[in-house]
Number of protein chains: 2
Amino acid sequence: MTPRFERAAVIGLGLIGGSVARDLASRGTRVAAYDRDAQQLDQAVRDGVVTDVLDESLSAVASIDPQAIALPVDAAIEMLRRVSSLLSGARLITDVGSTKASLQREVEALRLTANFVGSHPMAGDHRSGWSASRGGLFEGAPVYLCRASGTTDDAMRLAEALWSDLGARTIAMDAREHDAQLAWTSHLPHMIATAIANALARQSLWRDDLGRGGKEMTRIAGSSPEMWTAIAVDNAQAIDGALAAFEEEVGRMRAALARSDAEDLRGRFSAARAWFEHQENAYAEGRRPLHLA
Amino acid sequence: MTPRFERAAVIGLGLIGGSVARDLASRGTRVAAYDRDAQQLDQAVRDGVVTDVLDESLSAVASIDPQAIALPVDAAIEMLRRVSSLLSGARLITDVGSTKASLQREVEALRLTANFVGSHPMAGDHRSGWSASRGGLFEGAPVYLCRASGTTDDAMRLAEALWSDLGARTIAMDAREHDAQLAWTSHLPHMIATAIANALARQSLWRDDLGRGGKEMTRIAGSSPEMWTAIAVDNAQAIDGALAAFEEEVGRMRAALARSDAEDLRGRFSAARAWFEHQENAYAEGRRPLHLA
């Protein structure tokens with residue numbers, strides 16, 4: 001079978017970029033790659049995934065002429081400027097960052113490319129780097145796709161095809177809406193896991209002391225501080241809003257505890273279980289859940 | 001091999017009691033059981049785990065004369081009074097509740113039995129009932145053992161042997177110390193998971209919208225409201241203290257977000273990862289972690 005892209009470039013071989021590279025290579029795409037960590041890049045070549053090595057200038061990207069470029073880096077805008085000036089043949093340029101609005105604003109302001117589509121695969125892990133990457137990471141994962149004002153329909157369709165090929169479920173969403181929602185669904189849990197870890201550390205209590213539930217709740221506290229600092233600063237206002245609403249819920253529970261109000265507490269635990277079971281049922285029935293009024 | 005207990009009684013065939021019954025039966029112990037849900041009890045008989053069915057009076061327990069009794073019920077003290085008046089031959093009576101101090105106070109006040117040891121197996125699940133129970137649930141699980149003032153050394157050794165037989169790792173701990181620690185390591189995560197679920201429900205955001213981390217963080221929101229109401233009320237003060245300390249951590253993160261203070265945020269994410277990795281290292285090295293000063 002002819003691969004959808006004969007050649008692709010992947011800039012940054014971390015968990016996400018590395019897994020994209022593995023999946024593309026296993027589907028017959030010839031992968032060129034750059035990573036600031038030369039050892040990771042070498043390992044990716046030795047692992048038979050990366051065929052062409054790019055240096056920091058990315059200038060070789062012009063001669064390789066890839067058809068798709070993934071930019072899974074904090075400095076995505078820098079890389080994007082560099083590669084877009086070097087490229088004519090790329091039908092698709094995408095990033096894989098966790099926030100989408102600020103990058104898109106820069107893309108639009110700079111009129112960098114009509115072939116740019118922002119991607120956010122929800123396939124994170126607390127582990128990072130090439131060693132954490134693996135084939136099949138995106139099987140069943142949601143991938144948010146955000147088109148810029150100048151993005152062509154072709155580029156959007158190609159982004160959908162790229163991620164569908166990798167087994168993901170694509171969801172088109174406005175970049176600002178994406179960031180507002182992810183503040184709740186991804187960034188809020190992360191901030192909370194961090195706060196739990198640090199509160200327990202002050203008590204000299206460790207992950208080994210936790211039950212299964214507590215261990216699960218703090219797994220993502222082991223994630224990359226660099227990546228999460230960038231996300232938190234980029235989406236600070238929305239995250240703060242989600243934390244404020246969460247604290248209101250905590251406050252309601254603390255008030256019920258102070259009153260030893262079993263009825264109130266039971267109501268909150270029951271509402272949480274209804275939310276959970278609604279979801280479980282929705283999974284089972286293969287449809288989106290309705291809003292619990 | 002002769003089983004450690006020829007006969008045992010299990011009062012309440014939920015996740016924990018049911019799993020105890022399964023493990024005992026598979027090791028050759030003849031199991032008598034009671035459950036307020038007659039269907040669950042019938043199913044446990046059909047599944048070949050329970051041999052003798054007890055009615056609500058538990059009076060038949062006298063003729064069965066079990067050597068060990070597990071009381072995995074909210075109404076443990078009621079059951080304990082009833083069985084202790086009926087029994088002469090039991091060498092061990094234990095409960096499996098998540099809080100230990102209040103039951104122990106009652107046991108001591110009533111001088112119910114010298115053979116009572118409080119047990120708390122950390123092997124919970126958001127699912128409950130006989131259908132959720134399974135053999136091997138306690139393999140590798142920590143089980144806290146709390147002796148009352150009148151508990152004999154023999155009973156304590158027998159409790160350790162019972163749980164060790166089932167693959168658990170026993171940890172002897174003062175009942176009040178247990179409740180103070182579990183407020184942090186078990187009850188705090190549960191309250192937080194509940195608050196996350198209810199905050200997301202108010203936003204019409206569902207578990208399906210979450211990434212893997214968020215899904216893990218809200219699994220225990222699906223737990224039994226009845227069980228958790230009892231735990232929360234019983235240990236309200238300690239749980240509130242843990243929530244207050246947790247909120248201080250959240251407050252520090254919100255302050256950093258408001259200032260867009262990347263350095264401060266990075267420090268908090270890094271501290272959380274250090275806590276996480278310290279633990280991962282401690283696991284690998286097979287020893288308890290040191291306190292991060």
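The basis for the numbers below is simple: all heavy atoms, side chains too, and nothing from hydrogens, waters or symmetry mates. Sequence lines set the chain letters: A, B, ... in the order given, protein chains first and strands last, and positions in each chain run from 1. Keep in mind it's a predicted model, so treat the numbers as computed, not measured.
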In Å, rounded to the nearest 0.5 Å, how long is the span from CG of L265(B) to CD1 of I231(A)? 11.5 Å

Residue, of S186(B), A256(B), P189(B), A195(B), that accumulates the most heavy atom pairs under 4.5 Å with chain A: A195(B)

May I ask you to decide if the ring planes of H126(A) and F276(B) are parallel, tilted or perpendicular, using 30° and 60° as cut-offs? perpendicular

Find out whether L205(B) and Q181(A) are in side-chain contact, i.e. whether some heavy atom of one side chain is under 4.5 Å from a heavy atom of the other. yes

A193(B) portion near chain A, given a 4.5 angstrom heavy-atom threshold: both

Quick check on the interface: out of E248(B), Q237(B), H190(B), M191(B), who has the most heavy-atom pairs with chain A under 4.5 Å? M191(B)

Between M122(A) and R212(B), does a side-chain contact (heavy atoms from CB on, under 4.5 Å) hold up when you go through it step by step? CA-CA 8 Å; M122(A) 288 273 272; R212(B) 180 179 151 212; over 6 Å; no

CZ/R266(B) to OG/S224(A) distance, rounded to the nearest 0.5 angstrom? 9.5 Å

Do the rings of F269(A) and W228(B) sit parallel, tilted or perpendicular, given the 30° and 60° boundaries? tilted

Let's go through M253(A) and D240(B) carefully: what are the C-alpha distance in whole Å and the side-chain angles of both, what is the deciding distance for side-chain contact (heavy atoms from CB on, under 4.5 Å) to 0.1 Å, and is it a yes or a no? CA-CA 9 Å; M253(A) 299 183 84; D240(B) 190 57; over 6 Å; no

If you count heavy-atom pairs under 4.5 Å between each of G251(B), S223(B), G214(B) and chain A, which one has the most? S223(B)

Please classify the contact between A244(A) and chain B as side chain, backbone, both or neither, with a heavy-atom cut-off of under 4.5 Å. both

I need the L243(A) CG to E247(B) CD distance, nearest 0.5 Å. 11.0 Å

side-chain contact (heavy atoms from CB on, under 4.5 Å) between T194(A) and R273(B): does it pass, once the steps are laid out? CA-CA 8 Å; T194(A) 303; R273(B) 186 166 69 171; over 6 Å; no

Checked G124(A), A123(A), A245(A), A232(A) vs chain B; the most non-hydrogen pairs under 4.5 Å come from A232(A)

Option that, when pairs with chain B are counted at under 4.5 Å, heavy atom only, ranks first among N198(A), I239(A), I196(A): N198(A)

Separation of H278(B) NE2 from D208(A) CG (nearest 0.5 Å): 11.5 Å

Could you give the distance from OG (S204(B)) to CH2 (W184(A)), rounded to the nearest 0.5 Å? 10.5 Å

Straight-line distance of E216(A) CD to T218(B) OG1, nearest 0.5 Å: 9.5 Å

Interface residue of largest heavy-atom contact number with chain B, from D234(A), N235(A), I192(A), V233(A), under 4.5 Å: I192(A)

Please evaluate residues F246(B) and L200(A) with respect to the criterion side-chain contact (heavy atoms from CB on, under 4.5 Å), reporting the C-alpha separation (whole Å), side-chain torsions for both, the decisive distance (0.1 Å), and the verdict. CA-CA 8 Å; F246(B) 164 73; L200(A) 288 170; over 6 Å; no

side-chain contact (heavy atoms from CB on, under 4.5 Å) partner of D209(B), the single match among L182(A), I171(A), T185(A): T185(A)

Taking the side chain as C-beta and beyond, is there a heavy-atom pair between E249(A) and R202(B) under 4.5 Å? yes

May I ask you to check whether over 12 heavy atoms, not counting those of E177(B), lie within 6.0 Å of atom CD? yes

Under a 4.5 Å cutoff for heavy-atom pairs, which residue among A141(B), G213(B), A199(B) has the most contacts with chain A? A199(B)

One option among A258(A), P142(A), G267(A), A236(A) has the most heavy-atom pairs under 4.5 Å with chain B, and it is A236(A)

